[in-house]
2 protein chains.
Amino acid sequence: MKLSKFIKQQRKDYKLTQRDLADRAGVGLRFIRELEAEKLTLRMDKVNIVLELFGHQLEPRPLPKSE
Amino acid sequence: MKLSKFIKQQRKDYKLTQRDLADRAGVGLRFIRELEAEKLTLRMDKVNIVLELFGHQLEPRPLPKSE
DNA sequence: CGATTTTATACCTGAACGGGTATATTTCAA
DNA sequence: TTGAAATATACCCGTTCAGGTATAAAATCG
């Protein structure tokens with residue numbers, strides 16, 4: 001699942017604002033915004049810190065078949 | 001699977017040197033080294049460029065149970 | 001509707017990523 | 001063993017990430 005969607009989804013499910021999530025993860029509010037805005041150049045460790053709040057982490061997965 | 005192991009594994013399977021991989025991915029040799037050395041602060045987009053050579057990409061996955 | 005909260009956009013800046021390169025160190029074949 | 005290739009470590013430095021902040025837009029709610 002796409003990262004930005006996943007974060008936004010989880011955040012909504014837990015009824016958190018972007019600020020809530022930023023505070024809990026110990027990252028900047030701007031980072032959360034860029035994360036949900038599909039910025040691709042984010043640092044992996046920061047992304048993982050946020051994902052871990054939702055019991056997840058980044059892993060290599062096979063690409064969907066594109067023919 | 002852990003990212004660093006995965007990259008190194010795939011690279012060996014395809015019999016590529018770190019330089020080969022760096023050149024094909026269009027990233028620096030140093031980046032490949034840090035990637036295989038488990039550096040956590042790498043940029044997501046660069047990691048994905050390398051992973052795509054092996055038909056993979058970073059995705060959020062559930063953390064292994066830790067009790 | 002208006003007021004408050006939440007989200008989005010823009011700017012400034014310190015910190016650090018990542019490229020390149022030089023120099024060990026290790027690996028491996030002849 | 002020896003020499004070349006591959007990998008590891010260390011440095012300089014331009015680019016840019018990410019924090020903070022201010023402002024604007026959008027969403028939420030009484």
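Lettering of chains follows the sequences in order, A, B, ..., and the numbering in each one begins at 1.
- Going from atom CG of B:L29 over to atom C1' of D:dA8 covers 10 Å, rounded to whole Å.
- Look at CG on A:L21: it is 14 Å from C1' on C:dT6, rounded to the nearest Å.
- Note: B:F6 and B:F54 have perpendicular aromatic rings, judged against thresholds of 30 and 60 degrees for the angle between ring planes.
- Of the inter-residue distances, the one linking A:E52 atom CD with A:L58 atom CG reads 9.5 Å to the nearest 0.5 angstrom.
- Look at A:Q18 and you'll find a side-chain N or O under 4.0 angstrom from OP1 or OP2 of C:dA8.
- Dashed line: the shortest gap from a side-chain N or O of B:K8 to OP1 or OP2 of D:dT7 is not under 4.0 Å.
- Follow the hydrophobic side-chain contacts under 4.5 Å out from A:L63 and you never reach A:L3; the two are in separate clusters.
- Rounded to whole angstrom, the span from the CD atom of B:E34 across to the P atom of D:dT7 amounts to 15 Å.
- Atom-to-atom, CZ of A:F31 to P of C:dA8 comes out at 15 Å; the value is rounded to the nearest Å.
- Between the CG atom in B:N48 and the OG1 atom in A:T41 there is a gap of 11.5 Å [rounded to 0.5 Å].
- Taking only distance into account, the side chain of B:R30 meets the base of C:dG20 through a donor-acceptor pair shorter than 3.5 Å.
- Within the 4.0 angstrom heavy-atom criterion, only backbone atoms of the sugar-phosphate kind lie near B:L42; the bases stay farther away.
- Each of B:K39 and B:R19 was matched to the nucleotide of DNA chain C holding its nearest heavy atom; the match closer to the 5' end belongs to B:K39.
- Clustering ILVMFWY residues whenever any of their side-chain heavy atoms sit less than 4.5 angstrom apart, transitively, puts B:M1 in the very cluster that holds B:Y14.
- One can place CG of A:D23 at 11 Å from P of D:dG19, the figure rounded to the nearest angstrom.
- Atom P of nucleotide C:dG18 and atom CG of A:D45 are separated by 10 Å, given to the nearest angstrom.
- Residue B:T41 places its side chain closer to C:dC17 than to any other of C:dT7, D:dA6, C:dC17.
- The side chain of B:R33 has D:dA8 as its nearest neighbour among C:dT7, D:dA8, D:dA18.
- Here C:dC17 is the nucleotide among C:dT7, C:dC17, D:dT7 with the atom lying nearest to any side-chain atom of B:R43.
- Nucleotide D:dT7 holds its C1' atom 17 Å from the NZ atom of B:K15, rounded to whole Å.
- If you take CG of B:L40 and P of C:dA16, they are 15 Å apart, rounded to a whole angstrom.
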